[in-house]
Number of protein chains: 2
Amino acid sequence: MHRIEPRADCLSLPVLVIAGRRETTLPARPRKADAWKDAGQSRDEQFAAKRAALIRKAARAFSARGFYNTSLDDIAAELGVTKPALYYYVKNKEEILYACHLISNELGTQAMTFAESLPGCGLDRVVALARRYVELLTGEFGASAVLMEFDALQPENKKTIVAGRNRFDRRFRSLIAKGVEDGSIRKVDPKLTVFFFMGSVNWMTRWFRPDGTFNGQEMADRFADYLQESIKARSNQT
Amino acid sequence: MHRIEPRADCLSLPVLVIAGRRETTLPARPRKADAWKDAGQSRDEQFAAKRAALIRKAARAFSARGFYNTSLDDIAAELGVTKPALYYYVKNKEEILYACHLISNELGTQAMTFAESLPGCGLDRVVALARRYVELLTGEFGASAVLMEFDALQPENKKTIVAGRNRFDRRFRSLIAKGVEDGSIRKVDPKLTVFFFMGSVNWMTRWFRPDGTFNGQEMADRFADYLQESIKARSNQT
DNA sequence: CCCGCTATTTACTTCAGAGTAAAAAGATTG
DNA sequence: CAATCTTTTTACTCTGAAGTAAATAGCGGG
């Protein structure tokens with residue numbers, strides 16, 4: 001019997017995943033995928049790996065099709081198991097969503113910490129943040145992390161997630177404010193700027209495919225570039 | 001008995017609406033709102049007005065909380081009636097969503113037609129499009145129109161809506177491409193630029209409140225400004 | 001090769017919310 | 001003020017998907 005206490009620490013193990021298109025008929029029990037057959041680990045490692053794979057499949061599905069358009073049967077089918085098997089790894093659907101949000105916040109924090117550690121003017125750091133964040137979102141963990149379904153979270157979890165997001169927002173704004181102060185960024189409203197940029201990024205998770213016209217790195221470069229151009233100070237203007 | 005054939009022409013009649021926060025308990029039957037008590041019209045006019053009010057309340061709710069987080073009971077309660085009453089005006093929930101998408105597309109077309117009719121360089125027209133579009137979205141019809149739940153539409157309707165959206169996208173891209181040609185816009189990828197900007201706008205509908213820090217007009221100005229700065233050509237660069 | 005633990009399945013229950021039927025309440029008109 | 005049409009309600013049904021119980025299959029050690 002495995003513990004189902006909060007254990008969202010399983011952000012590990014890269015798993016190759018092909019973004020699946022919605023099927024009209026559930027393809028009854030396809031061959032088990034990825035982590036589900038990868039052997040050669042301790043029991044606890046396997047548990048963690050499988051849980052992580054589950055979360056990441058779900059994250060991709062949620063990002064691409066939305067939380068409510070993704071049933072647990074869908075996820076289970078994609079993993080090659082049946083729905084109740086999922087309940088061995090998570091308590092309920094909400095916990096999956098929560099785990100996804102945790103990843104999302106984690107990536108944000110990572111990008112932020114990186115950006116804040118950089119030398120240079122405010123603009124440079126803001127742009128670095130943007131680039132790194134998009135890189136992370138489009139990278140290993142897939143276009144998986146940015147979710148919008150806060151309302152489906154339990155109040156307790158929602159509080160945690162929203163708090164994390166707010167922290168990210170504040171640091172982002174503060175970075176922008178510093179840029180305005182040091183003269184590298186033109187006079188923009190930090191809050192609005194963050195909303196503007198984050199909107200683009202949130203939306204990206206809905207259409208981005210790693211095998212599309214642009215890969216993750218290119219997306220990161222271009223998004224960062226848009227942001228940079230839209231906020232950088234120019235000699236000949238306010 | 002009233003016909004329930006496709007009749008999504010009811011985009012009329014401004015109705016004052018205060019964005020309602022989600023209630024844990026459904027406030028049982030509050031006083032009827034707005035159009036529901038406005039008398040002094042022919043029957044057909046009343047029908048149209050009420051249907052329009054219904055669609056617009058729903059549109060706001062969908063935008064703010066999402067399609068699946070909004071039950072018909074919610075909408076009915078907000079209007080001060082019971083759920084079955086809604087079925088007198090629409091065939092089902094999907095039809096409401098479809099009507100919302102039609103409004104959304106309509107606003108896009110309006111903004112686009114306006115922008116294309118302008119003289120001036122590509123950049124000017126692109127910026128005018130952005131401003132007008134945000135103006136419309138945040139205006140009379142509220143932050144109501146941009147929806148993301150394409151998947152909940154019937155295949156037939158989905159086709160229509162997606163086609164409309166694609167048309168908008170193409171015209172938007174084409175405007176950008178022209179700007180690049182005439183030298184007013186720097187070398188950006190039109191498609192990506194559209195996605196970038198539309199993401200911000202889509203996201204805006206989730207948080208914008210007319211009574212917030214910025215009103216609709218300010219939002220329009222600032223979003224247009226961000227876009228302008230991010231894509232305009234400069235003398236001293238590529 | 002049997003025991004006990006891990007993992008997954010089959011076969012359910014439950015519930016929210018979409019949708020419907022039929023009765024009741026409101027209008028409008030002769 | 002009855003007759004009839006319009007609108008809304010009460011009281012349901014139905015369904016999809018979340019979630020659970022209990023049986024079963026697989027595995028590692030003794």
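Throughout, a chain's letter reflects where its sequence line sits, starting with A, and its residues are numbered from 1. The analysis underlying the following values was restricted to heavy atoms, covering all of them including side chains, and did not include hydrogens, waters or symmetry mates.
- Remark: A/Y88 is in phosphate contact with C/dA7, judged by side-chain N or O atoms under 4.0 Å from OP1 or OP2.
- Listed nucleotides: C/dT8, D/dA17, C/dA18. Nearest to the side chain of A/S71: D/dA17.
- A donor atom on one side chain and an acceptor atom on the other are not found under 3.5 Å apart for B/E95 and B/N157.
- Going from atom CG of A/D73 over to atom C1' of C/dT10 covers 13 Å, rounded to whole Å.
- Between A/Y87 and D/dG19, a side-chain N or O to OP1/OP2 separation shorter than 4.0 Å is present.
- Proximity of the aromatic rings of A/W207 and B/F195 is defined here by a centroid distance below 6.0 angstrom, and this criterion is met.
- Closest contact between the side chain of A/T82 and the listed nucleotides D/dT9, C/dT9, D/dA18 involves C/dT9.
- Atom OH in B/Y68 sits about 11 Å away from atom P in C/dA18, given to the nearest Å.
- Straight-line distance from the CD atom of A/Q46 to the P atom of C/dT6: 13 Å, rounded to whole Å.
- At C/dT8, one or more side-chain N or O atoms of A/K50 fall inside 4.0 Å of OP1 or OP2 (strictly under the cut-off).
- Rounded to an integer number of Å, the gap from A/I75 CD1 to D/dA17 P is 12 Å.
- Note that B/K93 lies outside the cation-pi zone of B/Y98, set by a 6.0 Å cut-off to the ring centre and a 45° limit from the axis.
- Here the P atom of nucleotide D/dA17 and the CZ atom of A/F67 are 13 Å apart, to the nearest Å.
- Here the side chains of B/L137 and B/Y133 are in contact, with some heavy-atom distance below 4.5 Å.
- Side-chain to base pairing of A/K83 with D/dA17: no donor and acceptor N or O lie closer than 3.5 Å to each other.
- For A/Y89 and C/dT6, the OH to P distance is 12 Å, given to the nearest whole Å.
- Atom pair B/L97:CG and C/dA18:P shows a separation of 12 Å (rounding to whole Å applied).
- Looking at A/K191 and A/D169, no side-chain N of the basic residue comes within less than 4.0 Å of a carboxylate O on the acidic one, giving no salt bridge.
- Regarding A/F47, its CZ atom lies at a distance of 18 Å from the P atom of C/dC5, rounded to whole Å.
- Comparing atom distances between the A/P84 side chain and each of D/dT7, C/dT10, C/dT8 picks out C/dT10 as nearest.
- Between A/N92 and B/L86, the residue anchored nearer the 5' end of DNA chain D, judged by the nucleotide with its closest heavy atom, is B/L86.
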